[in-house]
4 protein chains.
Amino acid sequence: MDKKPRADSLRNREHILNIAREAFTTSGASVSLDDIAKKANVGPGTLYRHFPNREALLEAVYRSEVAKLCAAEKEFAATMSTVEALRAWMLLFIDYIDAKLVISPALNLYLCGESNELFESTGNQIKAAIRGLVERAVNSGDIREDVDPLDLLRAIFGVATTASSADWHQGARKLVDILILGSKPQE
Amino acid sequence: MDKKPRADSLRNREHILNIAREAFTTSGASVSLDDIAKKANVGPGTLYRHFPNREALLEAVYRSEVAKLCAAEKEFAATMSTVEALRAWMLLFIDYIDAKLVISPALNLYLCGESNELFESTGNQIKAAIRGLVERAVNSGDIREDVDPLDLLRAIFGVATTASSADWHQGARKLVDILILGSKPQE
Amino acid sequence: MDKKPRADSLRNREHILNIAREAFTTSGASVSLDDIAKKANVGPGTLYRHFPNREALLEAVYRSEVAKLCAAEKEFAATMSTVEALRAWMLLFIDYIDAKLVISPALNLYLCGESNELFESTGNQIKAAIRGLVERAVNSGDIREDVDPLDLLRAIFGVATTASSADWHQGARKLVDILILGSKPQE
Amino acid sequence: MDKKPRADSLRNREHILNIAREAFTTSGASVSLDDIAKKANVGPGTLYRHFPNREALLEAVYRSEVAKLCAAEKEFAATMSTVEALRAWMLLFIDYIDAKLVISPALNLYLCGESNELFESTGNQIKAAIRGLVERAVNSGDIREDVDPLDLLRAIFGVATTASSADWHQGARKLVDILILGSKPQE
DNA sequence: CATGAATGAGCCTTCATTCAT
DNA sequence: GATGAATGAAGGCTCATTCAT
């Protein structure tokens, strides 16, 4: 087991977050927090110190997913071709939806009507990211000018929600390629 | 107290179903079943007699929602103008999604990978319904020929899932009018 | 199923008693009364009419077992050889213990210290029966004179309680033959 | 309130075991586990942490009874005269039967036919203990040579099971003295 | 800081009992 | 009389949370 000799509590927090993401997406937003602690090889008290309740943990997981997405944009844009970057990012976006579909309704129960700053701001971050990637590809002439960046995401969303089975990922991944391909300028 | 004579335990069942739908959509798929029983003015044993567990209740609510949708198609088609019928049905469809968004992920945890007959068959019923309504409107010349019926539903789905707040209904209702309007043949 | 056209409630009672005996001995004294009713193809209300509570049912089962034993003595003595009668009755006694082992501790919880008429009187009936059978066999010279009838029963009891497994019946049945054989006068 | 510091949760466990023994023997094997927890001044969760279900608790109580018996043999043999040790141990054995009579049938429902290691092994331990004590007394010339150690136990068993009332202890205790007395070599 | 034992409210479920048919 | 739907008080068990170590 990867027991840290000194208390690198930040890394600990990150670890819990990863385990929690996994647990939420595979078992729903009401998994036992004790189980999450157990899977993370951490006492319930430790989990509680980092995240005082389920809501806090859900929100933290969600924010970390969005952060992952934003970081990826920067990195991909810097190291890949425009189309590859777009494609890689959209594949990541599939994972994000996985979490979003579970976390979002759960958090809405807590927020319960209050205009939520969380989804507002993270939504903007994501839009900015996809816009950046698309714009870059349009500018370099790699994809058509008339592509609405958000439509790319909505399409993935659509598959995720309309799919009859819980395993919509395969379909979504195929769709990414189709969207990229269909977005190429006709010659 | 609205004490029912025992003969119509069917009406009792229906009543529980309504309360359950309400509870699930407003408080998530893990509301206390005891609370549902309480809200339905029914002992927990009675709820249990009708639905032996959460899964059964979820499925029953879901099926009843789909049945409502199918019945509505018949009724609306028989009593309204083509466009009005389409519009009324789509408004009902918003309610359906409300339930679907909560029930579907929850049931997937139970079904857990098994190719589920439930969503397969209900999906087909719903597709048939919208197709029927659109076809009728196309035939009577009230809407354009090139409307893909499923796109109408996908659009609603999109709003439901992409909306930042839990209260996407308003937006969805507006969208229905836009879709209907946009589907009218240009002259 | 043997549904009676007219309400022969006595036979109904007898039927419940049989089912109850079976249920108690195989599943312990705290089986669900509902289950017993179900297995007897009877509504819970009917069971309740005949036996107002678990205690009443337990006692009725117990009394019927003892009655069975007493009736058997009469019958066997009238129709079999002395040794055969003794043997057959002791085999029946094994079944009786089966019930007694379960019912007796359960009833003691209800009686809770009160000097119980039930076990006193039934005990006497059983002693009288075994004494009658043994006496008859002694008189006819088929078994030794110095056999204490109660020792025959105590031996069976001993096996029933000391046996490590729940399935002591086999051992007990073997013991019956040994006892009968060992009781034969040596020549 | 006798609040224990958390380190000796072992003592806590022991305490629950004692309460459980008491509850099982006086109220049968289906007492409410919640009630046991309450009587032990412990939350139900704590009881559950130590014993995940009724079967585990029953088995633990049973094993602790046997352990008590084995420990007593050692202790008594070391500190008492041979006859006193035998007598004291047999009085303890009466308590053991009290538990055995309740626990054994209950566990058999769980084990349900499987050849149970539990009763096999504990049976051997008990036999070894009584044999040791009797042998010692025989060797020192304090009791007759022809005493079958197991018969001493079987006699107690017999009283326990054949007694009409639930309060057979008195009779059993008298019997112990008679047995010891009767086992003394005639001079 | 981390740990994990303890807590106790509350969930799901069962089941003896009642009562309308 | 028989039926079985309804009731609701527990029971078993879970799990978020606290707190002693």
Side-chain angles (χ1 to χ4, degrees), chain A residues 3-4 6-9 12-13 30-38 40-55 57, chain B residues 3-10 12-13 16 30-38 40-54 57, chain C residues 3-4 6-9 12-13 30-38 40-55 57, chain D residues 3-10 12-13 16 30-38 40-54 57:
Chain A
K3 270 224 173 172
K4 311 279 143 104
R6 63 204 166 79
D8 190 343
S9 114
N12 211 335
R13 193 192 129 102
S30 32
V31 234
S32 151
L33 295 194
D34 264 39
D35 277 5
I36 292 180
K38 221 163 279 166
N41 288 320
V42 151
T46 303
L47 190 155
Y48 192 72
R49 156 164 296 274
H50 286 292
F51 313 98
N53 50 42
R54 181 180 301 274
E55 184 182 1
L57 183 53
Chain B
K3 271 222 171 173
K4 318 266 162 163
R6 90 96 178 265
D8 47 9
S9 92
L10 254 190
N12 213 334
R13 193 193 129 102
I16 293 176
S30 32
V31 233
S32 154
L33 294 194
D34 267 36
D35 279 3
I36 292 181
K38 221 162 279 167
N41 288 321
V42 149
T46 302
L47 189 155
Y48 195 74
R49 158 176 290 271
H50 286 291
F51 312 99
N53 49 45
R54 182 180 299 274
L57 183 53
Chain C
K3 271 223 173 174
K4 311 281 143 107
R6 66 202 165 80
D8 189 343
S9 112
N12 212 335
R13 193 193 130 101
S30 33
V31 233
S32 150
L33 295 193
D34 265 38
D35 277 5
I36 292 180
K38 221 163 276 165
N41 289 319
V42 150
T46 303
L47 190 155
Y48 192 73
R49 156 164 296 274
H50 286 292
F51 313 98
N53 50 42
R54 181 181 301 272
E55 184 182 0
L57 183 53
Chain D
K3 270 221 173 174
K4 319 265 164 162
R6 91 97 177 263
D8 48 8
S9 95
L10 254 190
N12 213 333
R13 192 193 130 102
I16 294 177
S30 32
V31 233
S32 154
L33 294 194
D34 269 36
D35 278 5
I36 292 181
K38 222 163 279 166
N41 288 320
V42 149
T46 301
L47 189 156
Y48 195 75
R49 157 177 289 271
H50 287 291
F51 312 100
N53 50 43
R54 181 180 301 274
L57 183 53

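Labels below follow one simple rule: chain letters A, B, ... track the order of the sequence lines, proteins then strands, and each chain is numbered from 1.
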May I have the distance from [X] (atom [atom1]) to [N] (atom [atom2]), rounded to whole angstrom?
{"X": "D/His50", "N": "E/dT7", "atom1": "NE2", "atom2": "C1'", "value": "12 Å"}
{"X": "A/Arg49", "N": "E/dG4", "atom1": "CZ", "atom2": "C1'", "value": "15 Å"}
{"X": "D/Leu47", "N": "F/dG11", "atom1": "CG", "atom2": "C1'", "value": "13 Å"}
{"X": "C/Glu55", "N": "E/dT17", "atom1": "CD", "atom2": "C1'", "value": "16 Å"}
{"X": "A/Tyr48", "N": "E/dA2", "atom1": "OH", "atom2": "P", "value": "15 Å"}
{"X": "C/Asn12", "N": "F/dG1", "atom1": "CG", "atom2": "P", "value": "11 Å"}
{"X": "C/Phe51", "N": "E/dT17", "atom1": "CZ", "atom2": "P", "value": "14 Å"}
{"X": "D/Leu10", "N": "E/dG4", "atom1": "CG", "atom2": "P", "value": "16 Å"}

For [X] and [Y], work out which heavy atoms get closest and say how close.
{"X": "D/Leu47", "Y": "D/Leu33", "answer": "CD1-O, 3.5 Å"}
{"X": "B/Pro44", "Y": "B/Ala37", "answer": "CA-CB, 4.0 Å"}
{"X": "B/Asn53", "Y": "B/Tyr48", "answer": "N-CE1, 4.4 Å"}

Of A/Val42 and B/Asn53, whose closest DNA chain E nucleotide lies nearer the 5' terminus?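 The residue closer to the strand's 5' end, by nearest nucleotide, is A/Val42.
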
Go nucleotide by nucleotide along DNA chain E from the 5' end; which of C/Pro44 and D/Thr46 gets its closest nucleotide reached first?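 Comparing both residues, the 5'-ward one is D/Thr46.
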
Would you check if the side chain of D/Arg54 reaches a backbone N or O of D/Val31 as a donor-acceptor pair within less than 3.5 Å?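 Yes, D/Arg54 side chain to D/Val31 backbone: donor-acceptor pair under 3.5 Å.
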
Starting at the 5' end of DNA chain F and moving along, which residue's nearest nucleotide shows up first, A/Gly45 or D/Arg54?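 With A/Gly45 and D/Arg54 compared, the 5'-side residue is D/Arg54.
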
Which residues within residues 30-38 of chain D lie with some heavy atom under 4.0 Å of an atom in DNA chain E?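 When residues 30-38 of chain D is checked for heavy atoms under 4.0 Å from DNA chain E, there are no hits whatsoever.
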
Nucleotide paired to E/dT21 in any strand shown, Watson-Crick or G-U, under 3.5 Å: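 Partner of E/dT21: F/dA2.
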
Pairing nucleotide - F/dG12, Watson-Crick or G-U, each distance under 3.5 Å: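 By the stated definition (distances under 3.5 Å), E/dC11 pairs with F/dG12.
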
